Amino acid sequence: MPSSKFEPNDDIFDFVIKKANGLKGIADTSLEIIPNQCIQPKEQRLDKSQIDNQESIPTIDLSNFDDLNVEKAIQEAASKWGFFQIINHGIPIEVLEDLKEAGHKFFELPAEEKVKYYKENVGADESVLLYWSAIGDKDEKVLEWRDSIKHGCNPENDSNLWPPQTRNQVLEYQKWAKPLAKKLLDVLLKGLNVNEIDESLEPLLMGTMAININYYPPCPNPSITIGCRRHCDVSCITLLLQDDTGGLYVRGTKGDNWIHVNPIKGALAVNIGDSLQIMSNDRYKSIEHCVAVDSSRARISVPLFVNPSLDNVIGPFPQMLKDGEKPVYKHVLFSDYWDYFFSKRPSGKASLDFAKI
C-alpha cells in the first residue's frame, strides 16, 4: 500500500508520482521547507517586480453573443491580448461549482485510490490519466507544485474509465462547454474571413478535447516554487475555469510584465493556443502564462483544451494569404507539432519556431 507520509530520505519522485501521493502528500506532511526537487530555478519563478497592476485582460459579456460589437471585442482581444475572460456565457453556475467540488473530492482521496489512474508510459489519446510535471534532465528534474488528472473527451475515449468522483461533473460540463467553444471558434474564424466550422473544419479546430483538473496544494514557500511554469498552450483555444484563490498570470502587452487574471465568480478565461496562432498567420496570439501558488489555500483550475485531431495538418488558412500576405508558418502534421511541443515544454513561445518557415 502506498505510503502517505513523506520522510526526508524518501525518493520524492517515487512518493509523488509512482505512489500517487502527489504534491498534496508533500503539503500534508507540514514541512517548513519544501524539498529541493520542488525549488524552481530563479529564472522560472514569478518575479513579483514584473507584476503589472495597471493592466488587466478584457472581460467580455456574452449576453448578446450575436451582437457584432461582442464579436469584434472577442476578435480584438484575441489579436491584442490572446487572453480574455467571458461572463454570462450560458453555463449554469452550479455546473461550474459542482466541477470544482469534484476536483477537491478526487484529490483528497487516499493515494491507493488515486494510483489506479496513473500510468508510466502514456500516449496523447489516453481516456484518463493522473500526472505530474517534472521538468529538466534526469538528475536535475524539478516538480511543479501541482497534481493533475486528464479526462479525454473524444468519441474513442471511455468515460467509464474516469474516476467516479469526477465523471458525472465532467460529462455535464462538457455538454455545456463544447457548444460554447464551437461558438467562440466560429466568431474567431469570422474575424479571419473563414466560414463557420463545417464538417471539414471541425476535426482541424476541435478534433480532440481534454478536460483536466489541476490541484495546487498550499505551499509553505510559494516564492521559490511555481504551480505551472510559463508556457503557451498547444491548443486552438483553451477555456479555463478557476476558483477564487487566484494565481494565474499572463504576459502583458509590454512583453516582460505579468498581469494577474483576477477570478470572477462564474467567469471562464479563454486563451488562444499555438495551433490557432499558426492558422491565423499570427493574427491571433498564443500568450505565455504561468501559475503561482498560495501559502494557505489549495487552488483548483479546470482547463478545457480544444485541439486539432492528431492526424490533421495545421498551417495558415488560405484566406490569410490571398491578398499577398506571406506565410509565417509552413504546414505541419499536428501530431509532429504536439510531440515537439511536449518534448520542449515548457518553452514559452519557442515551440512555434518548429512550424516557422
Side-chain angles (χ1 to χ4, degrees), residues 2 12-26 99-100 102-135 141-174 177-178 206-217 227-229 231 233-235 238-241 273 275 291 298-311 334-335 337-346:
I12 187 170
F13 299 106
D14 185 64
F15 177 86
V16 167
I17 298 174
K18 292 190 176 174
K19 292 179 179 171
N21 289 289
L23 276 302
K24 185 180 187 301
I26 301 285
L99 185 57
K100 290 184 284 188
H104 279 287
K105 282 182 179 169
F106 174 76
F107 284 107
E108 284 160 12
L109 287 172
E112 53 266 30
E113 287 294 312
K114 290 184 284 193
V115 78
K116 297 172 188 173
Y117 304 100
Y118 169 70
K119 289 181 189 170
E120 196 151 359
N121 299 303
V122 298
D125 55 354
E126 298 291 337
S127 293
V128 64
L129 178 66
L130 182 67
Y131 70 97
W132 292 269
S133 184
I135 299 163
K141 282 193 182 299
V142 180
L143 282 159
E144 294 176 319
W145 197 263
R146 178 181 85 255
D147 302 338
S148 302
I149 185 163
K150 169 193 169 181
H151 305 75
C153 299
N154 310 308
E156 66 273 16
N157 292 137
D158 187 354
S159 61
N160 287 329
L161 300 175
W162 297 352
Q165 293 77 16
T166 61
R167 183 185 304 128
N168 291 340
Q169 293 81 0
V170 171
L171 284 170
E172 182 66 16
Y173 177 64
Q174 180 190 349
K178 185 177 177 181
M206 46 195 314
T208 60
M209 287 192 271
I211 294 173
N212 293 5
I213 303 178
N214 298 320
Y215 181 89
Y216 302 87
C228 193
R229 283 190 187 186
H231 67 286
D233 291 349
V234 74
S235 57
T238 303
L239 276 61
L240 180 85
L241 170 66
S275 294
V291 178
R299 175 180 185 265
I300 288 277
S301 73
V302 186
L304 163 60
F305 297 106
V306 183
N307 307 317
S309 294
L310 289 167
D311 58 358
F334 181 62
S335 59
Y337 190 78
W338 174 281
D339 290 344
Y340 181 83
F341 181 95
F342 284 101
S343 71
K344 298 292 179 188
R345 190 201 171 274

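FYI, side chains are in, hydrogens and waters are out, and symmetry mates aren't considered; it's all heavy atoms of this structure. Just so we're clear, the structure is a prediction, and the values are computed from it rather than from any experiment.
- Note on ring orientation: taking the six-membered ring where Trp is involved, the planes of Trp132 and Tyr118 are tilted (angle from 30° to 60°).
- Closest non-hydrogen pair, Leu130 versus Ala20, comes out as CD2-CB, 4.0 Å.
- Looking at Asn214 and Ser301, their side chains do bring a donor and an acceptor atom within 3.5 Å of each other.
- The main-chain N or O of Pro308 is found under 3.5 Å from a side-chain atom of Thr208 such that the two form a donor-acceptor pair.
- Shortest non-hydrogen contact noted between Gly227 and Arg146 is O-NH1, 2.7 Å.
- Rounded to the nearest 0.5 angstrom, Ile213 CD1 and Leu99 CG are separated by 5.0 Å.
- The minimum heavy-atom distance between His104 and Ile300, with the atom names listed, is NE2-CG1, 3.3 Å.
- Side-chain contact between His151 and Arg167: absent, with no pair of heavy atoms (C-beta onward) separated by less than 4.5 Å.
- Contact check for Val170 versus Val302: no side-chain heavy atoms found under the 4.5 Å cut-off.
- Taken from OG1 in Thr166 to CD1 in Ile211, the straight-line distance is 10.0 Å, to the nearest 0.5 Å.
- Panel note: side chain Ser127, backbone Asp158; a donor-acceptor pair is recorded below 3.5 Å.
- Rounding to the nearest 0.5 angstrom, the gap separating the OH atom in Tyr117 from the CG atom in Leu161 is 9.0 Å.
- Here the CD-CG distance, from Gln174 to Leu304, works out to 8.0 Å after rounding to the nearest 0.5 Å.
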Between Met206 and Lys178, does a side-chain contact (heavy atoms from CB on, under 4.5 Å) hold up when you go through it step by step? CA-CA 9 Å; Met206 46 195 314; Lys178 185 177 177 181; 4.0 Å; yes
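- Counting only heavy atoms from C-beta outward, the side chains of Val234 and Phe305 never approach each other to under 4.5 Å.
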Apply the test side-chain contact (heavy atoms from CB on, under 4.5 Å) to residues Lys100 and Gln169: give CA-CA distance (whole Å), side-chain angles for both, the deciding distance (0.1 Å), then the verdict. CA-CA 9 Å; Lys100 290 184 284 188; Gln169 293 81 0; over 6 Å; no
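- For Lys114, there are no salt bridge (charged side-chain N to carboxylate O under 4.0 Å, His left out) partners, not counting sequence neighbours.
- Using modelled atom types, no side-chain atom of Asp147 and backbone atom of Phe107 make a donor-acceptor pair closer than 3.5 Å.
- To the nearest 0.5 angstrom, Ile149 atom CD1 is 3.5 Å from Phe106 atom CZ.
- Pairing each heavy atom of Ser309 with each of Gly207, the nearest pair is OG-CA, 3.2 Å.
- Distance OG/Ser275 to CZ/Phe341: 9.0 Å, rounded to 0.5 Å.
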CA sep, side-chain torsions, deciding dist, call: Leu23, Val16, side-chain contact (heavy atoms from CB on, under 4.5 Å): CA-CA 6 Å; Leu23 276 302; Val16 167; 3.8 Å; yes
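- Taking both residues in full, the closest heavy atoms of Phe15 and Gly25 are given as CE2-C, 3.8 Å, listed atom of the first, atom of the second, then distance.
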Worked check of side-chain contact (heavy atoms from CB on, under 4.5 Å) between Asn154 and Met209: CA-CA 6 Å; Asn154 310 308; Met209 287 192 271; 4.2 Å; yes
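- In this structure, Lys19 and Asp14 have side chains that are in contact, with non-hydrogen atoms separated by less than 4.5 Å.
- Using a 30° and 60° split on the angle between ring planes, Phe334 and Trp338 fall in the perpendicular class, above 60°.
- Residues Arg299 and Val291 approach most closely at NH1-CG1, 3.5 Å, considering heavy atoms.
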